[in-house]
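Computed from a predicted structure; not experimentally measured.
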Amino acid sequence: MERSGPTLALINGTVYPFAAPGKASGVFARDGVLEVVGDDRDVLERCDARTVVLDLRGRYVFPGFQDTHLHLLEYGRSLVSPDLRDVTSIEGMVQRGRDALARSAGARELWHFGRGWDQNRLAEERFPSRQDLDRISDTRPILYERVCGHVGVLNSPALERLGVRGDLHVHGGVVDLDDRGEPTGVVREGALNWVQAHLPPPEEEQLREWLRLGAEGLARGGVSTVQTDDFSLVGDLERLADFYFEEDAAGRLPLRVDLQLLLSGHRDLEALSRILARAKAHQGRLCRLGPVKLVLDGTLGARTAALREDYADGPGRGLLAFETRELVDLVGRIEAAGCQVACHAIGDAALEQALEAFETTGAGRRCGHPPRILHCQVGDEELYDRMVRLGVAADVQPAFVASDWPMILDRLGADRARTGYAWKSLLDRGVVLAGESDAPAETPGPLEGIRAAVTRKDLSGQPDYGWMPQQRLEVPEAFWLYTGGAAHVCGQGRRRGTLEPGKAADLVVLMEDPFRVEGEEIGAIPVGLTICGGVLRHLV
């Protein structure tokens with residue numbers, strides 16, 4: 001029987017399939033699946049009067065980009081919240097907050113949110129406090145998160161509304177106190193998670209709007225697939241899964257969404273079991289379950305990443321969220337449920353703890369997908385060799401190099417800095433890498449991530465030769481992070497990541513050839529088309 005369904009053809013282009021050496025000029029897809037990747041004649045032979053035919057006029061076609069770790073709903077919310085990433089003083093933060101509240105006068109939402117401040121970039125060289133945010137409003141509760149999303153600051157009305165006092169103790173978290181034993185407003189790691197869990201839950205209408213805004217922003221950057229952890233914003237794993245499943249069933253998902261289910265401990269295992277049952281019954285096309293995510297430590301910028309030795313610029317080794325015995329048991333239960341596991345691990349102590357849990361439990365054997373390290377920023381040769389031996393993959397964030405390089409040496413010292421952010425060393429060892437943005441911690445955009453991986457420089461071109469230039473990737477290697485490597489790490493290598501007959505019709509069309517421009521220029525290449533499942537999601 002002849003197959004029917006919507007068909008799409010792209011012709012007169014330069015197609016990089018990433019499946020084998022060589023190029024093609026066109027592709028043909030039916031029902032969201034590629035049938036032809038070849039020359040224009042082969043493509044046009046498949047077309048009929050209903051086929052949408054697009055003449056690319058020589059533009060450049062790649063597999064659709066994938067972002068293997070971000071926070072989609074929070075990214076969408078950030079687009080309508082104060083962006084604090086470029087503030088250079090607490091005074092500037094206060095003024096930006098006042099301006100935002102003035103624009104939102106009359107809004108239904110009581111709470112006021114913002115994100116992006118970084119004490120390392122502030123003239124005062126300190127964390128903001130509740131007194132600082134009280135100058136924005138002393139009546140409306142405010143939560144401003146640090147750029148990393150692992151530290152937040154609350155104003156006095158927010159502290160009072162949530163009941164945050166000096167005697168509040170949260171497992172794996174810290175509430176900063178002043179000399180009188182009163183909260184300063186700063187909450188770190190598990191304490192921020194506690195705050196987020198006690199915020200008023202967002203309404204369905206808000207979630208849909210944040211999803212729409214976030215997906216549109218990603219499509220403009222050529223992204224057709226994401227893996228997202230939205231627990232901190234929704235606060236209920238089952239509600240979160242149901243939201244995405246319902247949006248998919250109603251045909252409202254504009255890109256592929258794999259859910260990363262964040263577990264804070266054993267108490268979440270029953271919810272995981274119920275979500276797995278729902279996932280089996282789900283009939284949608286674009287949403288599926290991804291890995292179970294565990295957060296083992298914090299971030300370098302906030303000095304909460306867990307290190308094996310003290311920070312070079314101050315006392316302390318950061319925070320570990322789990323005791324090793326507890327983590328091993330939790331990973332074992334996740335493995336027994338048949339789920340892939342992905343551990344946020346930035347410091348070398350967290351990486352070592354994750355590998356211990358993976359090795360003890362045989363993580364990945366039952367589900368058939370590699371256990372993963374999200375971020376994987378600080379390590380050494382021994383830890384990297386252990387990753388190879390255990391078959392552990394890494395989701396790395398090249399944009400972090402551009403953001404972090406001014407502080408890496410201060411935080412880590414020369415020896416640890418030399419083996420950190422070591423994407424090339426990991427690749428050369430045979431560790432499979434995927435690219436992620438952690439948006440809204442960084443602005444999403446695989447082309448900017450590729451630029452950072454290739455140059456190891458920030459947007460101003462610093463440092464001159466790139467941070468640890470021996471770790472620079474070649475352009476094809478950097479592209480692979482966001483295409484084939486991403487698909488493999490997510491256990492989807494047979495379905496996406498390259499352009500081959502039988503794989504998903506997920507494509508991005510670039511207006512310039514990234515293999516013929518300088519590395520510094522890759523991030524500025526315009527995206528002409530983004531296609532997900534054979535449907536146009538972005539068109540210049």
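Using modelled atom types and a 3.5 Å distance limit, the side chains of Q227 and D258 yield a donor-acceptor pair. For the 3.5 Å distance criterion, the side chains of Q66 and Y482 fail to qualify, holding no donor opposite an acceptor. Using a 3.5 Å distance cut-off with no hydrogens or angles, the side chains of E381 and T419 do not pair a donor with an acceptor. A donor-acceptor pair shorter than 3.5 Å cannot be found between the side chains of S89 and E91.
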Inset, instruction - Please report the C-alpha distance between Q462 and S460 in whole Å, then the side-chain angles of each, then the deciding distance to 0.1 Å, and finally whether the side-chain hydrogen bond (donor to acceptor under 3.5 Å, both in side chains) criterion is met. - result: CA-CA 6 Å; Q462 296 299 314; S460 64; 5.5 Å; no
Legend entry - side-chain contact (heavy atoms from CB on, under 4.5 Å) assessment of D428 paired with Y384: CA-CA 11 Å; D428 288 348; Y384 299 153; over 6 Å; no
Legend entry - Full working for side-chain hydrogen bond (donor to acceptor under 3.5 Å, both in side chains) between T361 and E335: CA-CA 8 Å; T361 61; E335 171 71 13; 5.9 Å; no
Legend entry - Verdict with reasoning, R256 to R288, per side-chain contact (heavy atoms from CB on, under 4.5 Å): CA-CA 8 Å; R256 297 188 194 278; R288 58 181 290 275; over 6 Å; no
Inset, instruction - Go through the steps to decide whether V187 and W194 satisfy the test side-chain contact (heavy atoms from CB on, under 4.5 Å), and finish with yes or no. - result: CA-CA 9 Å; V187 287; W194 183 92; over 6 Å; no
Inset, instruction - Begin with the C-alpha distance, continue with both residues' side-chain angles, and end with the deciding distance and a verdict on side-chain contact (heavy atoms from CB on, under 4.5 Å) for M407 and D404. - result: CA-CA 6 Å; M407 72 169 180; D404 289 1; 3.7 Å; yes
Inset, instruction - Verify salt bridge (charged side-chain N to carboxylate O under 4.0 Å, His left out) between D329 and R325, making sure each step is shown before the conclusion. - result: CA-CA 6 Å; D329 184 66; R325 183 170 60 181; over 6 Å; no
Inset, instruction - Could you give me the CA-CA distance, side-chain angles and deciding distance for S81 and R77, then say whether side-chain hydrogen bond (donor to acceptor under 3.5 Å, both in side chains) is met? - result: CA-CA 6 Å; S81 303; R77 188 181 72 175; 4.6 Å; no
Inset, instruction - Take E436 and H375, measure what side-chain hydrogen bond (donor to acceptor under 3.5 Å, both in side chains) needs, and give me the verdict at the end. - result: CA-CA 8 Å; E436 47 126 323; H375 308 309; 3.0 Å; yes
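For Q470, the CD atom is densely surrounded, since the number of other residues' heavy atoms within 6.0 Å is greater than 12. Counting non-hydrogen atoms of neighbouring residues, nucleotides and ligands closer than 6.0 angstrom, the CZ atom of R239 exceeds 12 such neighbours. In the displayed structure, F515 atom CZ is contacted under 6.0 Å by more than 12 heavy atoms of other residues, nucleotides or ligands. By the neighbour-count criterion of 12 heavy atoms within 6.0 Å, atom CD of Q131 is densely surrounded, having more than that number from other residues, nucleotides or ligands.
The aromatic rings of F479 and F65 sit tilted relative to each other, their planes meeting at an angle between 30° and 60°. Taking the six-membered ring where the residue is Trp, W480 and F18 present tilted rings, their angle falling between 30° and 60°.
Here the side chains of D297 and T304 are not in contact, with every heavy-atom distance at 4.5 Å or above. Side chains of H112 and S137 form no contact here, defined as non-hydrogen atoms less than 4.5 Å apart. Side-chain contact between R372 and T68 is present, with at least one heavy-atom pair separated by less than 4.5 Å. Side-chain contact check for V151 versus W117: some heavy-atom pair is nearer than 4.5 Å. Between E124 and M93 there is no side-chain heavy-atom pair separated by less than 4.5 Å. In this structure the side chain of T483 never reaches within 4.5 angstrom of the side chain of T498, judged on heavy atoms. Using a 4.5 Å heavy-atom cutoff, the side chains of L355 and E359 are not in contact. Looking at P398 and L481, their side chains come closer than 4.5 Å, going by heavy atoms from C-beta outward.
Residues I408 and A417 approach most closely at CG2-CB, 3.9 Å, considering heavy atoms. Listed here is the closest heavy atom pair of S425 and Q471: OG-NE2, 2.8 Å. The two residues P371 and G364 come nearest to each other via the heavy atoms CD-CA, 4.2 Å. When all heavy atoms of A357 and V331 are compared, the closest pair comes out as CB-CG2, 4.0 Å. For the pair D230 and L73, the tightest heavy-atom approach, listed with the atom from each and the gap, is OD1-N, 3.0 Å. In plain terms, the two heavy atoms of L320 and A350 that are nearest each other are CD2-CA, 3.9 Å.
Between the side chain of D118 and the main chain of V147, no donor-acceptor pair closer than 3.5 Å is present. In this structure a side-chain-to-backbone donor-acceptor pair under 3.5 Å is missing from Q340 to H369. A donor-acceptor distance shorter than 3.5 angstrom exists from the side chain of D178 to the backbone of E182, with no hydrogens or angles considered. D410 contributes no side-chain N or O that, together with a main-chain N or O of D313, makes up a donor-acceptor pair within less than 3.5 Å. With W423 contributing its side chain and L473 its backbone, the two residues share no donor-acceptor pair below 3.5 Å. Distance alone, capped at 3.5 Å, places no donor-acceptor pair between the W467 side chain and the K457 backbone. A donor-acceptor pair is defined here as one N or O able to donate and one able to accept, closer than 3.5 Å; no such pair exists between the side chain of D310 and the backbone of P315. A donor-acceptor pair under 3.5 Å is formed between the side chain of T228 and the backbone N or O of L72. Using modelled atom types, no side-chain atom of S403 and backbone atom of F400 make a donor-acceptor pair closer than 3.5 Å. Of the possible polar contacts, none joining the R496 side chain to the A487 backbone as a donor-acceptor pair under 3.5 Å is found.
For R161, there are no salt bridge (charged side-chain N to carboxylate O under 4.0 Å, His left out) partners at least two apart in sequence or on another chain. Looking at residues two or more places apart in sequence or on another chain, you find a side chain to side chain donor-acceptor pair (under 3.5 Å) between D86 and R96. The salt bridge (charged side-chain N to carboxylate O under 4.0 Å, His left out) search around E160 returns none, not counting sequence neighbours.
Note on R386 versus E356: salt bridge recorded, some NZ/NE/NH1/NH2 to OD/OE distance being below 4.0 Å. D176 and R126 are not joined by a salt bridge, as no carboxylate oxygen comes within less than 4.0 angstrom of a charged side-chain nitrogen. A salt bridge is defined here as a Lys NZ or Arg NE, NH1 or NH2 lying under 4.0 Å from an Asp or Glu carboxylate O, and E442 with R85 fails to meet this definition. Under 4.0 Å is where a charged nitrogen must lie from a carboxylate oxygen, and between R389 and D385 no such pair does. Here R115 does not pair with D83 in a salt bridge; the nearest charged N to carboxylate O distance is not below 4.0 Å.
Between L133 atom CG and I142 atom CD1 the span is 5.0 Å, to the nearest 0.5 Å.
Aromatic ring centres of F231 and H71: separated by at least 6.0 Å. With ring centers used as reference points, H69 lies 6.0 Å or more from H344.
I275 pairs with exactly one of L237, L259, D268 by the side-chain contact (heavy atoms from CB on, under 4.5 Å) rule, that one being L237.
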